[in-house]
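First up is the structure itself, then whatever we jot down about it.
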Amino acid sequence: MRSAGVSYGWGMIPVAARIGKTGWSTSLFPKDGRYIVPVKAAVRRAEGLAVGDTVTVRLVVDA
């Protein structure tokens, strides 16, 4: 598994994330064979996001 090389416990993977013009640092959380991307409240406010919105998230693995 490639993620094992960058994971720092519990399978979490550090990433730099971006939605629109707003970027932040976070970690991908493994769940049921997939990953969850937590989006900070400040990012949701800055980008005008609401529950149910579809967005494109750019992720760069922070090795």
Side-chain angles (χ1 to χ4, degrees):
M1 174 183 274
R2 289 182 175 192
S3 62
V6 294
S7 177
Y8 66 90
W10 301 292
M12 297 191 316
I13 299 173
V15 296
R18 177 170 294 279
I19 295 175
K21 295 181 180 180
T22 309
W24 74 102
S25 294
T26 189
S27 294
L28 303 179
F29 291 74
K31 183 172 181 173
D32 301 328
R34 298 178 181 179
Y35 287 94
I36 295 172
V37 180
V39 180
K40 294 181 177 183
V43 174
R44 295 191 307 267
R45 281 191 301 272
E47 294 298 323
L49 302 177
V51 173
D53 286 352
T54 300
V55 298
T56 299
V57 181
R58 182 172 186 261
L59 299 172
V60 176
V61 176
D62 243 352

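Every heavy atom of this structure was used, including side-chain atoms; hydrogens, water molecules and symmetry mates were not.
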Note, [X] side chain near [Y] side chain (heavy atom, < 4.5 Å):
| X | Y | value |
| --- | --- | --- |
| D62 | V15 | no |
| V57 | L59 | yes |
| I19 | W24 | yes |
| I36 | L28 | no |

If two hydrophobic side chains count as joined below 4.5 Å and joins carry through other members, does V60 share a cluster with M12?
-> no
Indicate every side-chain donor-acceptor pair of residues 46-53 with a distance under 3.5 Å to a residue at least two apart or in another chain.
from, atom 1, to, atom 2, distance (Å)
E47, OE2, K21, N, 3.2
E47, OE2, T22, N, 3.3
E47, OE2, T22, OG1, 2.5
D53, OD2, A50, N, 2.7

R45: partners by side chain to side chain contact (heavy atoms under 4.5 Å, CB included), with sequence neighbours left out = A41, A42
Heavy-atom pair of closest approach, residues S27 and P14 | OG-CA, 3.8 Å
